[in-house]
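Following: one structure in structure tokens, then a few remarks.
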Amino acid sequence: EAAQALTVANVIELVQSHVGADAESAAVDLNWGKIVREADEDFPEIRTVLKDRPVFSAFAFTFYKFFNLLFRIFLRLEVRGLNELDEITKSNKPFLVCPNHQSFLDPFVLCSNYRYDLFKKVFHVGASEFFTNPLMRFIAKMLNVVPVNPDTELMRAMKVSAVGLKHGKVLNIYPEGERAFDGELHNFKKGASILATELEMPIVPVALDGLHKVWARNSNKIRLSKVKIMIGKPFYAKDVIASAGKSATSTDLAIVGDAEYELVTAHLKKTIADMLDELRK
């Protein structure tokens, strides 16, 4: 029943229907493994992303490459580690790209560096509140954004992400969930770690630096400042879990699973923090 819930409200109703309004009387654990592995709903939001659109993809790719030239001229864009993306893209298998989040420009600047064979497979899951007018809906289409409200539709966001990955797409996901206001790393959410762990797909960590100065949070001004990107080595959640001496299987999946997700999330955050330190030397 929990796997069928699509919103936080649905989960609350489910808990109350089984244990009453007094939630302290029982514990209800969500089995994220079951939820994401069995996600196969035909969500209308992701149909466009799953379609093969060679003409539109070529147009969007040309658009991005033009902006990449502008980024390199005006933002003095410096990119390290593109070979890591090239190598994993050659495998022709799905994976997750996980950058820190500094600005609305992050997906444009990052994705403008992708090769075409990667670019046409990338999708994002973004907050629907930002894509309500015609211009923003066009931008969502250019970015391959699936608009979902992650705050009230957590289950739907996770299931849509899982469906895209299981169809061979590459998910660009920001673990912080929101733009940092100071350029530093903030709390990481577990969504990316859950998907990577349960679907056994690699994570490519990415460090972005300088974009918070270009378009700061809560600002309408765009300023010119140097921007750096570092793309790290892909890693598997199972390797992080194994190195910590944890078993990837247990009869108590709800508790051990959550501990595993925390381990992977912490490893991802530390990896990006180390790359940011390297960029700032």
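In this text, all values refer to a predicted model and were calculated from it rather than measured experimentally.
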### Task
Could you tell me which non-hydrogen atom of R72 sits nearest to which non-hydrogen atom of V79, and how far apart they are?
NH2-CG2, 3.9 Å
### Task
Is it possible for you to say whether I194 and Y236 belong to one hydrophobic cluster, with membership spreading through side-chain heavy-atom contacts below 4.5 Å?
no
### Query
Can you tell me if E176 uses its side chain to pair, donor with acceptor, with the backbone of H186 under 3.5 Å?
yes
### Query
Thinking salt bridges, do K190 and E262 make one under a 4.0 Å N-O criterion?
yes
### Query
How far does CD1 of I46 sit from NE2 of H167, to the nearest 0.5 angstrom?
8.0 Å
### Query
Do R280 and M275 come close enough that some side-chain heavy atom pair is under 4.5 Å?
no
### Message
As an exercise, state the distance from OG1 of T89 to CG of L82, rounded to the nearest 0.5 Å.
### Response
10.0 Å
### Message
Is the terminal nitrogen or CZ of R156 (NZ for Lys, CZ for Arg) located under 6.0 angstrom from the six-membered ring centre of F43 and within 45° of that ring's axis?
### Response
no
### Task
Could you check if a side-chain atom of S112 sits within less than 4.5 angstrom of a side-chain atom of F71, using non-hydrogen atoms only?
yes
### Message
Applying side-chain hydrogen bond (donor to acceptor under 3.5 Å, both in side chains) as the test, list every pair that has at least one member in residues 97-111; sequence neighbours left out.
### Response
H101-D106, Q102-H212
### Query
Do side-chain atoms of K228 reach the backbone of L279 as a donor and acceptor pair under 3.5 angstrom?
yes
### Task
State, to 0.1 Å, how close L75 and R223 come at their nearest heavy-atom pair, and which atoms those are.
CD2-O, 4.5 Å
### Least distance between heavy atoms, E84 atom then I231 atom
CG-O, 3.9 Å
### Query
How far apart are the closest heavy atoms of P205 and T271, and which atoms are they?
CG-CG2, 3.8 Å
### Message
Let me confirm one number: the CD1-CZ distance from I88 to F95, rounded to the nearest 0.5 Å.
### Response
5.0 Å
#### Entry: Flag side-chain contact, heavy atom, 4.5 Å: K270 against F188
no
### Message
Looking at N187, I'd like to know if its CG atom is crowded, meaning that more than 12 non-hydrogen atoms belonging to other residues, nucleotides or ligands lie closer than 6.0 Å.
### Response
no
### Task
In sequence, state the C-alpha distance, the side-chain angles, and the governing distance for R76 and V227, and then conclude on side-chain contact (heavy atoms from CB on, under 4.5 Å).
CA-CA 6 Å; R76 294 169 288 150; V227 172; over 6 Å; no
### Query
Is E184 paired with K269 through a side-chain N to carboxylate O contact shorter than 4.0 Å?
no
### Hphob cluster co-occupancy, I73 + L211, side-chain heavy atoms under 4.5 angstrom
yes
### Query
How many angstroms lie between OG in S161 and CG in L96, if you round to the nearest 0.5 Å?
8.0 Å
### Query
Tell me, do P94 and V170 make a side-chain contact under 4.5 Å, heavy atoms counted?
no
### Message
Assess whether a salt bridge exists between K238 and E200, defined as any Lys/Arg side-chain N lying under 4.0 Å from an Asp/Glu carboxylate O.
### Response
no
### Query
Between N144 and V122, what is the shortest heavy-atom contact and its length?
ND2-O, 3.1 Å
### Exam field: side chain K166 to backbone R37, donor-acceptor pair closer than 3.5 Å
yes
### Task
Inspect the surroundings of NZ in K226 and state if more than 12 heavy atoms from other residues, nucleotides or ligands are less than 6.0 Å away.
yes
### Task
Kindly say whether L263 contributes a backbone atom to a donor-acceptor pair with the side chain of H267 at under 3.5 angstrom?
no
### Residue among T197, I173, V264 satisfying side chain to side chain contact (heavy atoms under 4.5 Å, CB included) with I203
V264
### Heavy-atom check, side chain of T265 versus side chain of P175, under 4.5 Å
no
### Query
Any ion pair linking R80 and E78 (charged N to carboxylate O, less than 4.0 Å)?
yes
### Query
Which atom pair, heavy atoms only, marks the closest approach of F108 to F104?
CD1-O, 4.0 Å
### Message
Using modelled atom types and a 3.5 Å cut-off, is there a donor and acceptor pairing between side-chain atoms of N172 and backbone atoms of H124?
### Response
no
### Task
Ignoring hydrogens and angles, tell me if any N or O in the side chain of K233 forms a donor-acceptor pair with the backbone of V204 under 3.5 Å.
no
### Query
Quick one: are F123 and V145 in side-chain contact, heavy atoms under 4.5 Å?
no
### Message
Quick test of your reading of the model: are K34 and E198 salt-bridged, counting only N-O distances below 4.0 Å?
### Response
no
### Query
Any side-chain heavy-atom pair from P107 and Y174 closer than 4.5 angstrom?
yes
### Query
Roughly how far, to the nearest 0.5 Å, is CG of N31 from CD of E38?
8.5 Å
### Query
Does Y116 have any ring pair (Phe, Tyr, Trp, His ring centres under 6.0 Å) partners at least two apart in sequence or in another chain, and if so, which?
F61
### Query
So, are D40 and K159 salt-bridged, with charged N and O less than 4.0 Å apart?
no
### Message
Is there a side-chain contact (heavy atoms from CB on, under 4.5 Å) between M201 and L165? Walk through the geometry before answering.
### Response
CA-CA 9 Å; M201 295 178 181; L165 286 165; 3.7 Å; yes
### Message
Does I272 form a side-chain contact (heavy atoms from CB on, under 4.5 Å) with L185? I'd like the steps, not just the answer.
### Response
CA-CA 9 Å; I272 294 177; L185 292 185; 4.1 Å; yes
### Query
In Å and rounded to the nearest 0.5 Å, what is the OH to CG distance from Y64 to N113?
11.5 Å
#### Entry: Verdict with reasoning, W32 to M155, per side-chain contact (heavy atoms from CB on, under 4.5 Å)
CA-CA 9 Å; W32 282 113; M155 294 292 186; 3.9 Å; yes
### Query
Would a 4.5 Å heavy-atom cut-off, applied to side chains only, mark L195 and Y261 as touching?
no
